[in-house]
Structure formats: structure tokens, C-alpha cells
Number of protein chains: 2
Amino acid sequence: MSIHARPTLEDVAARAGVSRATASRVLNSSPRVSPEALEAVTAAVSELGYQPNRAARALVTRRTGAVAVLFSEPEPKIFDDPHFARLIRAGARALADVDVQMVLMLVHSPDDQARAHRFLAGGHVDGALVFAPHQNDQLVSVVKKLPLPVVYAGKPWGPLRGLHLVDNDNEGGAVLATEHLKSLGRKKIVHVTGPLDELSAIDRLSGFKSAMGIDDKASTKLTANGGFTTQGGRKAMAELLGKVPDLDAVFVASDLMAAGALEALHEAGKRVPEDVAVVGFDDHVAIAEHTEPPLTSVRQDSDQQVKHMVAHLMKLVREEPVKTKREMLPTILVRRESA
Amino acid sequence: MSIHARPTLEDVAARAGVSRATASRVLNSSPRVSPEALEAVTAAVSELGYQPNRAARALVTRRTGAVAVLFSEPEPKIFDDPHFARLIRAGARALADVDVQMVLMLVHSPDDQARAHRFLAGGHVDGALVFAPHQNDQLVSVVKKLPLPVVYAGKPWGPLRGLHLVDNDNEGGAVLATEHLKSLGRKKIVHVTGPLDELSAIDRLSGFKSAMGIDDKASTKLTANGGFTTQGGRKAMAELLGKVPDLDAVFVASDLMAAGALEALHEAGKRVPEDVAVVGFDDHVAIAEHTEPPLTSVRQDSDQQVKHMVAHLMKLVREEPVKTKREMLPTILVRRESA
DNA sequence: AGCCGGATTGCGATCGTTTTCATAGGGAGT
DNA sequence: ACTCCCTATGAAAACGATCGCAATCCGGCT
């Protein structure tokens with residue numbers, strides 16, 4: 001063992017005066033080790049600054065200690081939407097916490113899909129976290145038929161049976177928002193939706209409808225699509241001001257759109273919240289706290305969501321039993337000044 | 001070999017009627033293989049859908065086939081600045097292209113630094129790409145003393161000797177922008193800087209000063225710090241309008257700030273570009289094309305930058321000779337309507 | 001004293017590659 | 001025909017961990 005070579009388990013064992021096997025058992029916290037052995041090995045490990053060789057371990061355990069994180073999202077969104085950065089960050093954190101490598105793949109083109117498929121099928125990772133909210137996402141169909149543990153963020157489009165996922169309670173959050181507006185005494189409440197090829201947007205719309213006690217036909221008169229972008233939110237709000245001149249409250253399905261909606265309201269000379277009360281969704285602090293006025297919003301905790309996804313995935317990877325295939329995370333209303 | 005087990009090199013060799021060694025040589029494109037062997041093995045590989053086992057390879061080559069991508073940035077920025085998403089995306093793409101796994105680490109707290117240090121020292125990756133623009137970044141000092149190939153994005157703070165980096169020509173770009181404004185006949189040109197603990201911001205300021213032919217003292221009268229945020233850009237612009245009432249052009253050190261600056265100019269009743277010409281920096285399309293009016297900006301190609309960083313790093317990893325330790329990427333001016 | 005059984009331990013095989021070294025094969029040169 | 005050399009190949013030894021199996025130790029019983 002030269003000075004510069006990293007110590008191996010063999011070195012640790014020698015130093016601790018035990019065999020490789022025993023040292024290994026200590027590292028994997030097996031119960032079948034004597035207290036003395038445990039202590040000796042632990043000491044040796046820290047004295048030598050030993051770190052297990054991932055490759056060697058992976059070779060024999062047939063686990064890579066890495067998971068793929070797949071984002072399927074059209075180009076422009078990734079750049080604009082701060083939600084992504086947040087999710088990526090949460091993923092990096094949560095995976096690092098369990099000492100698993102995160103392999104990030106951004107999948108857009110069919111080329112990317114092919115690459116992702118090859119990579120996943122190649123057994124380079126133990127599992128995958130998939131963020132693919134859109135309708136007919138090819139990535140989902142590709143991933144589905146792979147013999148690989150997968151946990152989805154939110155509901156992917158298509159049949160859900162057999163899929164593992166962690167979703168936010170979009171519908172419940174929308175009900176919360178709408179009820180809040182009603183409780184303020186608002187009579188004419190409208191809704192700016194997200195793109196209706198995303199189930200989160202659809203669920204928020206359902207929540208709105210059910211809290212309002214209206215059906216599809218009635219709801220088209222009270223809603224407009226803002227596409228989850230600031231510009232879209234602005235336009236949708238303007239549209240609604242035209243369709244429903246006497247509106248006095250609006251539930252906007254994302255904070256990004258709400259920022260746009262506020263601009264449109266200001267331009268139309270409406271005061272918030274006096275004339276029109278506004279509730280957003282996401283509780284994206286960087287946005288919600290800096291709008292004029294600060295935005296009341298439904299909080300969905302992405303950090304928690306990702307953390308749960310990771311925990312769930314790791315169970316699947318270790319083939320531990322999971323109680324539920326689908327987890328639903330609660331949402332809460334955060335009051336600021338806009339409603 | 002059961003149906004479900006992935007084929008090994010042994011299987012490929014058997015099918016091709018050669019030995020493991022020869023098959024391996026084909027996979028690593030060694031020159032010492034006969035054309036027939038090459039063909040037979042290639043065929044066998046594709047028939048079996050063989051994919052080499054990374055762990056086994058890593059074990060013997062002592063290379064992991066993974067590199068770390070480290071971002072050191074205070075929390076809020078990561079969420080707001082679209083530049084990050086772009087860099088991450090470019091990194092994912094460029095690394096996937098060379099079939100290397102990207103391990104993303106976002107490093108903020110001292111805790112994160114410790115974790116990163118442990119991880120990097122643990123030999124879990126072959127090298128690292130480091131994005132750490134700020135002064136006195138602990139991450140840089142940690143990374144520096146590791147015996148690990150590292151390529152920096154832009155100049156890290158501190159002594160540069162021995163460091164490998166790929167930088168954009170910030171100074172040149174700033175000169176380009178300023179000269180352009182001069183060539184439009186503008187007489188009173190001011191500059192909104194980025195945070196002066198980032199060398200990119202400093203370099204852009206130097207470019208401005210040298211194109212204007214002014215010294216430090218003169219420059220403080222003509223500049224204000226916008227901190228690379230939209231809000232900051234707005235405030236800085238307002239400040240400059242106060243300090244230099246007769247200004248007729250402004251070079252803003254980032255598009256994000258330029259968006260803020262435009263708002264401030266509109267509020268002050270200035271027309272762009274008639275009263276005040278504006279040039280941004282980054283050519284961040286999602287911003288520059290949607291401002292009012294569309295923004296003339298200096299393009300720095302982040303995709304290229306990252307691609308070069310990856311190429312450079314891979315050379316270091318393979319211990320190939322590199323001609324220059326430092327690469328400088330050119331910038332160009334993209335004209336739109338603001339100047 | 002002899003035997004039994006549970007708790008610890010170590011031996012050695014194993015994972016799937018790369019790589020060194022020795023060998024076989026086959027012109028070319030004498 | 002014999003050597004010489006160069007090319008293509010294969011046998012086998014790594015790489016550093018995990019884990020099944022057998023061996024050892026020890027106290028407690030008979």
C-alpha cells in the first residue's frame with residue numbers, strides 16, 4: 001500500500017486485525033459482529049480515511065448506487081420556470097442525503113428519448129424519478145416498459161395502474177383557494193387555468209369547479225387558459241375581464257401566471273384585493289413575496305415531494321415492501337395581502 | 001445465461017467465436033484486431049444488445065465514468081436566474097454525448113462543502129466542472145487541493161496559476177457593446193454593472209472603461225451596481241437617471257438586469273432607443289426577444305462554453321496533453337431594436 | 001470430561017471487465 | 001528452407017468489494 005493509493009478493505013481489515021469479511025460486515029452494519037471487532041474496524045476506517053470503492057461494491061451487489069432523474073419538458077419552460085430549478089435542487093439534495101448519485105437527464109427530442117432508453121436499459125442506474133407532466137409523453141411510454149423501479153412526480157398521463165407516484169393534492173388545494181375566496185364574501189369568482197394537457201392543471205380546475213358547485217359548461221364561462229406562463233396569465237386575465245366584467249376574485253393556477261394576472265388587473269385599473277381578490281398556486285416565495293401586493297397562494301412543498309419520491313424509490317430498489325403505490329401530499333393556504 | 005440476465009462480454013465473445021480479450025479489444029477500438037474479428041464481435045454485440053457493465057470496467061480501469069458538476073451559488077439565484085438552468089442543461093447534454101455520467105451537486109452551506117469534499121476525495125468521480133464565480137468561495141479552495149482534474153467556468157477568484165478554465169470574453173464583449181453605442185453617435189453612455197465580487201462583472205466593467213477611455217474615478221460617476229437581478233437593474237437604472245440626467249445610452253451587464261433597466265426607463269418616460277439606447281449581455285433569448293423593445297445584447301454561448309469545458313476535462317482525465325490551460329470564447333453582438 | 005449449540009469469524013468464490021504476457025500464424029528476407 | 005519479426009489471439013491475473021459456507025470459540029449441560 002503506497003502512500004498515495006487509496007486504502008482498500010484489505011488494509012482496513014489488516015489494521016483492525018480482522019478479516020476482510022468481518023470488516024465488510026461492519027461497514028454494512030451486520031448484526032453478527034462482536035463489539036470489539038466493530039470498534040477496531042470503525043477506528044481503522046477513520047484512521048485510514050477509508051471510503052469503499054463504489055465500483056467494486058456495485059459489481060458484486062449488482063446495484064449501481066445511482067438513480068436517474070428524468071425531466072421531460074419542452075425547451076422554453078426549463079429556462080423560464082423556477083419550479084424546475086427547485087425540483088432539481090431538491091433532487092440533488094435528497095439523493096445526496098441517502099448517498100446515491102443523481103444522474104440528471106433532460107429529455108426533449110426523440111433523440112434524447114432514445115438515449116435515455118438505452119441508458120436506462122443499460123442497467124446504469126438502480127431506478128428513476130420521472131418528471132413528465134404532459135399528455136402523450138413518449139418518455140413515459142418508454143420508461144413504463146422497462147424493468148426498472150420508477151417513481152413519478154404527479155400523475156403521468158395515461159393509465160395509472162401499477163405506477164408509483166407522489167402527487168400534490170392539487171384538487172384539494174384548489175378547493176382551499178376557492179373556499180377562501182368565497183369566505184371573503186366574493187360572489188363572482190373566476191379561474192385562470194394551466195395548460196389542460198397537464199393533469200396538475202386539470203386537477204386544479206376540478207377543485208375549482210367542485211368548490212364552486214358548477215359543471216363543465218358553466219365553468220368555460222368563468223375560466224381562461226394561461227399556459228403556466230407569466231405572459232399567458234396576463235392574457236388570460238385580460239380575457240376574463242372582458243368575459244366577466246363584474247368579477248371580484250380570481251384563483252390563478254400558478255404563481256407565475258398570477259404575476260401576469262396582477263399586471264393585467266393593474267392595467268385595467270382594478271385594485272387588489274379591494275376590487276379583485278387574487279389567490280395563486282405553488283407558493284413560490286421568490287415570486288409570491290415580491291408581487292404587488294404580495295400574493296396569497298396555495299403551498300405545495302416540492303422539497304417534500306421529491307424527498308418522498310426518493311424515499312419511495314429507494315424502498316423499491318431495495319425490494320422492501322411499500323404500503324401504498326401512490327402518495328398524496330397535502331397543500332395549505334398561505335395568506336398574504338392579495339386575498 | 002438465462003433469458004433475463006444481461007449478456008456479458010463472455011456471451012458476446014462466445015457468439016462471435018473469439019475470446020473475451022479480443023471482444024474487449026473490439027469494444028475499446030484497439031488497432032490490434034483483424035477485420036473479421038471486428039465484424040463478428042460487432043455483430044454479436046448488436047444481436048445481443050450488449051452493454052458493457054460500467055462497474056466492472058470502472059473497477060479495473062480505475063475510472064468511474066462519472067464527473068461531478070458543482071454549482072456554488074447562494075440560494076435565491078439558483079431559482080431566479082435562467083442562466084443556471086441553461087448551464088445545467090448544457091452540462092447534461094455535453095456529458096451524455098461523451099457517455100459520462102453527470103453527478104450534480106449544488107453547494108451552498110458549509111455542510112454541503114464538507115459533503116462535496118468527502119465525495120470528491122472519495123474517488124467517486126474522475127473529475128469536476130466547477131461553477132463558482134464569487135469572491136472567496138470556499139468551494140474553490142476545497143477543490144483546489146484535491147488531486148482531481150478540474151475545469152472552471154470563468155475565472156474563479158484568487159490566483160489562477162495552474163487552473164484550467166474556459167471563460168467567455170467578457171471584456172471583449174463589453175468593448176463590443178460600448179463601441180456599438182458610440183458608433184450610434186451616443187455621447188453620454190453609462191453602465192449597469194453586476195456584483196463586483198464576480199470576475200465576469202469586473203471584466204465587463206473593464207471593457208466598458210477601456211472602450212470609454214476613462215479611469216476608475218470617472219467610471220464611478222457613470223456606473224451603478226445592479227447585482228445581476230431584475231430588481232437590481234431597475235434600481236441601478238433609476239440611480240443613474242438621477243446621477244446622469246442627460247444620459248443617452250446604457251450598457252447593462254446582463255439581460256436580466258436590462259429587463260429591469262427598461263422598466264425604469266419607461267417609468268421615467270424615456271423612449272428606447274430614441275432617447276436612450278440599451279445593450280444587454282448574455283443574449284438570453286427568452287428574455288431579450290420578449291422585452292419591449294427587443295433587446296440588443298452581447299451573445300455568450302453557454303452551450304459552447306460547457307462543451308469546451310467537458311472536452312477539456314475529458315482530456316485531463318485521460319491524461320492527454322492539453323495545449324492551453326485557459327480557453328477564451330469569443331462574444332458577438334446581436335442587434336435587435338433597443339440599440 | 002464430553003458434547004451441544006449459538007455466536008463470531010475467515011476462507012475463497014464471485015461479479016464482468018481490462019490488460020499483460022506468451023504463443024501461434026504467416027509473410028519477407030537471406 | 002530457415003530465421004526473424006510483426007500481427008492477431010487467448011489464458012489468466014488483476015481490480016475491490018460481498019456473501020455462502022465451514023471452522024472456531026465459548027459457556028452451559030449432562
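Below, read A as the first sequence line, B as the second, and so on, with proteins coming before strands; counting in each chain starts at 1. The model shown is predicted, which means the values in this text are computed figures rather than measured ones.
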Rounded to whole Å, how long is the line connecting atom CZ of B:R57 with atom P of D:dG16?
18 Å
Roughly how many Å is it from CG in A:N53 to C1' in C:dG16, rounded to a whole number?
14 Å
Please determine, for the side chain of B:R62, which listed nucleotide (C:dG10, D:dG10, D:dC15) has the closest atom?
D:dC15
Using the rule side chain to side chain contact (heavy atoms under 4.5 Å, CB included), only one of A:L313, A:V151, A:T324 pairs with A:V166; which is it?
A:V151
State which of D:dA17, C:dC11, D:dG16 makes the closest approach to the side chain of A:R20.
D:dA17
Kindly compute the distance separating CH2 (A:W157) from NE2 (A:H134), expressed to the nearest 0.5 Å.
10.5 Å
B:V26 side chain near B:T42 side chain, heavy-atom distance below 4.5 Å:
yes
Nearest whole Å is fine: how far is C:dT17 P from A:R54 CZ?
20 Å
Give the rounded distance in Å between these two atoms: CD of B:E10 and P of C:dT18.
13 Å
Nearest-Å distance, CZ (A:R63) to P (D:dT18)?
12 Å
Where the side chain of A:V18 is concerned, which of C:dG10, C:dG16, C:dC15 is the nearest nucleotide?
C:dG10
From D:dG10, C:dT9, C:dC15, nucleotide with atom closest to A:L59 side chain:
C:dC15
Any ion pair linking A:R115 and B:D99 (charged N to carboxylate O, less than 4.0 Å)?
no
When all nucleic acid strands are considered with a 4.0 Å heavy-atom cut-off, which category describes B:S24: base, sugar-phosphate, or nothing?
base
In residues 31-47 of chain A, which residues come under 4.0 Å of DNA chain C by heavy atom?
A:R32, A:V33, A:S34, A:A37
Separation of atom NE2 in A:H124 from atom C1' in C:dG16, rounded to whole Å
13 Å
Should A:D112 and B:R93 be marked as a salt bridge (charged side-chain N to carboxylate O under 4.0 Å, His left out) after you check the CA-CA gap, both sets of side-chain angles, and the distance that decides it?
CA-CA 9 Å; A:D112 291 343; B:R93 175 76 51 124; 3.4 Å; yes
Over how many whole Å does the gap from B:L27 atom CG to C:dT19 atom P extend?
12 Å
Would you indicate, yes or no, if D:dA17 has its OP1 or OP2 atom less than 4.0 angstrom from a side-chain nitrogen or oxygen of A:Y50?
yes
Side-chain contact check for B:A21: nearest option of C:dT19, D:dT18, C:dT17 is C:dT19
Go nucleotide by nucleotide along DNA chain D from the 5' end; which of A:T61 and B:S19 gets its closest nucleotide reached first?
B:S19
Is there a donor N/O on one and an acceptor N/O on the other, under 3.5 Å, for the side chain of B:R25 and the base of D:dG10?
yes
Is it the case that B:E327 and B:H312 place a side-chain donor and acceptor less than 3.5 Å from each other?
yes
Return no unless some side-chain N or O of B:N28 is found under 4.0 Å from OP1 or OP2 of C:dT18.
yes
Which atom of B:M309 lies closest to which atom of B:Y152, heavy atoms considered:
CE-C, 3.7 Å
